[in-house]
Visitor: 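Would you mind keeping the following structure in view while I ask a few things?
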Amino acid sequence: MKNPLVLLLSLIMTLSIPSLLRADEPPPGQIGVAPSMFEIAIGQNPVNESVRIFNLKKTPTTVKVEVYNWTLDEKNEVKLLPPDKQSLERWMLINPISFTVDPGKSQVVRFSIRPTAKPDPGEHRAIIYFVEQPATANADSSKALEILFKLGVGVYGYADPVKHSGVLNTLSFDKASSSIVADIANSGNVHTRLKGNYSIWKKDAFPGIGAAAKFADTDKKEKQPAGLIISGQINQTPVLPGSRRTLSTQIPLPKAPGSYIVAVNGSIDGKTVEKTFIIAR
């Protein structure tokens with residue numbers, strides 16, 4: 001067999017990906033996409049946006065564009081749905097739908113949302129997949145494995161009136177799995193997220209929940225104070241309208257014996273979330 005074995009890695013960068021899955025600077029040797037998510041007000045007038053695809057490989061890459069209606073299943077994994085008269089992908093025009101990007105270059109992909117019917121109030125979703133195509137024409141028989149990427153960009157269209165109604169029922173710490181566990185219900189007509197960060201402190205150096213927020217923000221480059229061990233982003237998987245989900249964020253607790261405080265600073269639909277957990281090792 002001269003054709004290489006193709007391994008398809010699916011990176012749903014903004015959905016169940018707390019990380020997502022953000023399209024900042026992708027690792028070398030991959031394909032990147034920015035922005036990684038769109039939240040767009042829609043009505044009966046056209047809306048135009050664009051996505052840029054980056055090729056950080058050392059060889060040209062050919063990409064095919066696909067768009068689907070979607071939801072999340074009980075495991076918070078993307079589930080593709082057939083189109084219906086109110087699904088966003090039926091109203092989207094994309095150009096180009098196939099292209100080749102040279103090494104170190106980028107390609108702009110434009111899309112337009114043009115509803116053919118009055119959008120119902122609330123959220124309309126689509127996912128744009130950028131699927132790297134195998135280079136079969138130049139397949140090298142000495143190559144055993146060709147790694148391809150499938151990048152997903154979530155598109156959320158909001159039609160008025162929009163209702164935000166996410167509720168954090170409980171926020172707890174599961175010691176067995178070293179995880180922060182959030183129970184979230186959403187009775188609104190658009191998705192909600194628990195946005196924020198966690199930080200782990202030596203107990204005797206904890207500055208208080210308010211001060212912890214400043215240093216838990218992973219986008220800021222503040223000098224770490226004494227006692228702060230690590231900080232990171234909590235799971236930001238969306239909770240879709242009319243659903244209830246339990247979301248876990250596994251955290252790297254220190255191995256050294258001692259007392260520690262895990263602090264969570266965040267928000268959900270404009271409501272502040274602050275919580276601390278005392279952990280003994």
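No hydrogens, no waters, no symmetry mates; every other heavy atom, side chains included, goes into these values.
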Visitor: Look only at the side chain of Gln107 and the backbone of Ile53, and say whether a donor-acceptor pair between them is shorter than 3.5 Å.
Guide: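 Flag not set: sc Gln107 to bb Ile53 has no pair under 3.5 Å.
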Visitor: Is Val262 reachable from Val181 through a run of I, L, V, M, F, W or Y residues, each pair having side-chain heavy atoms under 4.5 Å apart?
Guide: no
Visitor: As an exercise, state the distance from CD1 of Ile94 to OG of Ser50, rounded to the nearest 0.5 Å.
Guide: 12.0 Å
Visitor: Applying side-chain contact (heavy atoms from CB on, under 4.5 Å) between Leu253 and each of Ile200, Ile229, Ile230, report the one that passes.
Guide: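 Only match with Leu253 under side-chain contact (heavy atoms from CB on, under 4.5 Å): Ile200.
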Visitor: Quick one: does Gln250's side chain have a donor or acceptor within less than 3.5 Å of a partner on Ser177's backbone?
Guide: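 At least one qualifying donor-acceptor pair exists.
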Visitor: State whether the side chain of Arg281 and the backbone N or O of Pro254 hold a donor-acceptor pair below 3.5 Å, judged by distance alone.
Guide: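 Side chain of Arg281 to backbone of Pro254, a donor-acceptor pair under 3.5 Å: yes, one is there.
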Visitor: Under the criterion side-chain contact (heavy atoms from CB on, under 4.5 Å), I'd like the reasoning laid out for Phe130 against Val51: C-alpha separation, chi angles, the key distance, then a yes or no.
Guide: CA-CA 10 Å; Phe130 297 94; Val51 187; 4.0 Å; yes
Visitor: Side chain of Trp70, backbone of Lys79: donor and acceptor closer than 3.5 Å?
Guide: no
Visitor: So do Gln133 and Val131 actually touch side chain to side chain, heavy atoms under 4.5 Å?
Guide: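 In contact.
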Visitor: Between Asn186 (side chain only) and Val239 (backbone N and O only), is there a donor and an acceptor less than 3.5 Å apart?
Guide: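 It does hold such a pair.
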Visitor: Is it true that Ile251 and Ile279 fall in one hydrophobic cluster, defined by side-chain heavy atoms closer than 4.5 Å?
Guide: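 Yes, because Ile251 and Ile279 connect within a single hydrophobic cluster, where side-chain heavy atoms sit under 4.5 Å apart.
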Visitor: Can you name the nearest heavy-atom pair linking Arg52 to Val108, along with the distance?
Guide: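 Result for this residue pair: NH2-CG2, 3.1 Å.
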Visitor: Going from OG on Ser267 to CG on Leu168, what distance comes out if it is rounded to the nearest 0.5 angstrom?
Guide: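 Those atoms lie 11.0 Å apart.
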Visitor: Specify the closest pair of heavy atoms between Leu240 and Leu72, including all atoms of both residues, with the distance to one decimal.
Guide: CD1-N, 3.5 Å
Visitor: Run the side chain to side chain donor-acceptor pair (under 3.5 Å) test against Thr116 and tell me which residues pass, sequence neighbours left out.
Guide: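 Trp91.
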Visitor: Measure across Ser248 and Ser179 and return the closest heavy-atom pair with its distance rounded to 0.1 Å.
Guide: CB-CB, 4.3 Å
Visitor: Could you work out, with side chain to side chain donor-acceptor pair (under 3.5 Å) as the rule, every residue matching Glu39, not counting sequence neighbours?
Guide: Tyr158
Visitor: Tyr198 and Pro252: which non-hydrogen atoms are nearest, and at how many Å?
Guide: OH-CD, 3.6 Å
Visitor: Residues in salt bridge (charged side-chain N to carboxylate O under 4.0 Å, His left out) with Arg245, at least two apart?
Guide: Glu74
Visitor: Going from CD1 on Ile128 to CG on Leu151, what distance comes out if it is rounded to the nearest 0.5 angstrom?
Guide: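 Separation between the atoms: 12.0 Å.
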Visitor: Rounded to the nearest 0.5 Å, how far does CZ of Phe38 lie from CZ of Phe111?
Guide: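 Separation between the atoms: 4.0 Å.
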Visitor: Linking I/L/V/M/F/W/Y whenever their side-chain heavy atoms sit closer than 4.5 Å, directly or via other members, would Val65 and Val67 fall into one cluster?
Guide: yes
Visitor: Who pairs with Glu89 by salt bridge (charged side-chain N to carboxylate O under 4.0 Å, His left out), at least two apart in sequence or on another chain?
Guide: none
Visitor: Is Asn235 reaching over with its side chain to a backbone N or O of Leu247, donor-acceptor style, under 3.5 angstrom?
Guide: no
Visitor: Are Phe99 and Met92 joined in one hydrophobic group, where the rule is that I, L, V, M, F, W and Y side chains link up if heavy atoms are under 4.5 Å apart?
Guide: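 Yes, one cluster joins them.
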Visitor: Output the distance between atom CG (Leu81) and atom CG (Asn69), rounded to the nearest 0.5 Å.
Guide: 5.0 Å
Visitor: Among side-chain atoms of Asp269 and Thr192, is any donor-acceptor pair under 3.5 angstrom?
Guide: yes
Visitor: Run the side-chain contact (heavy atoms from CB on, under 4.5 Å) check on Asn197 and Asn265 step by step: do they pass?
Guide: CA-CA 6 Å; Asn197 302 288; Asn265 297 87; 5.9 Å; no
Visitor: NZ of Lys203: more than 12 outside heavy atoms within 6.0 angstrom?
Guide: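 Count not over threshold, so no.
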Visitor: Closer than 3.5 angstrom, by distance alone: can the side chain of Lys202 be matched with the main-chain N or O of Gly258 as a donor-acceptor pair?
Guide: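 It does not hold such a pair.
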Visitor: When you check the side-chain N and O atoms of Asn48 and Ser112, is any donor under 3.5 Å from an acceptor?
Guide: yes
Visitor: When rounded to the nearest 0.5 angstrom, what is the spacing between OG1 in Thr237 and CZ in Arg193?
Guide: 7.5 Å
Visitor: Where is the tightest heavy-atom contact between Gln236 and Leu194, given as atom of each residue plus distance?
Guide: CG-O, 3.4 Å
Visitor: Please answer whether the main-chain N or O of Gly188 pairs with a side-chain N or O of His164 as donor and acceptor at a distance below 3.5 Å.
Guide: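 Not a single qualifying donor-acceptor pair exists.
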Visitor: State whether the side chain of Glu123 and the backbone N or O of His191 hold a donor-acceptor pair below 3.5 Å, judged by distance alone.
Guide: yes
Visitor: Kindly give the heavy-atom pair with the smallest separation between Leu171 and Ala182, and that separation in Å.
Guide: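 Smallest heavy-atom distance, with atoms named: CD1-CB, 3.8 Å.
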Visitor: Is a donor on one side and an acceptor on the other found under 3.5 Å between the side chain of Gln86 and the backbone of Asp84?
Guide: no
Visitor: Should the heavy atoms of other residues, nucleotides or ligands under 6.0 Å from CZ of Arg110 be counted, would the total exceed 12?
Guide: no
Visitor: Given the rule in the side-chain contact (heavy atoms from CB on, under 4.5 Å) test, do Ile42 and Leu88 qualify, once you have shown the distances and angles that lead to the verdict?
Guide: CA-CA 10 Å; Ile42 61 171; Leu88 190 62; 4.2 Å; yes
Visitor: Are Phe215 and Pro225 packed together at the side-chain level, in the sense that at least one heavy-atom pair is separated by less than 4.5 angstrom?
Guide: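 Side chain of Phe215 against side chain of Pro225, heavy atoms only: contact under 4.5 Å found.
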Visitor: Quick check: are there more than 12 heavy atoms from other residues, nucleotides or ligands sitting under 6.0 Å from CG of Leu93?
Guide: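 Enclosed.
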Visitor: Evaluate side-chain contact (heavy atoms from CB on, under 4.5 Å) for Met37 paired with Tyr156, printing each intermediate quantity in order.
Guide: CA-CA 8 Å; Met37 180 180 70; Tyr156 300 86; 3.6 Å; yes
Visitor: Could you list the residues that satisfy salt bridge (charged side-chain N to carboxylate O under 4.0 Å, His left out) with Arg244, not counting sequence neighbours?
Guide: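 Once residues adjacent in sequence are excluded, the partners of Arg244 under the salt bridge (charged side-chain N to carboxylate O under 4.0 Å, His left out) criterion are Asp183.
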Visitor: Sequence neighbours excluded, which residues qualify as side chain to side chain donor-acceptor pair (under 3.5 Å) partners of Asp120?
Guide: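 Testing Asp120 for side chain to side chain donor-acceptor pair (under 3.5 Å), a comparison that skips the adjacent residues, returns none.
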Visitor: What orientation do Phe173 and Phe277 show, parallel under 30°, tilted 30 to 60°, or perpendicular over 60°?
Guide: tilted
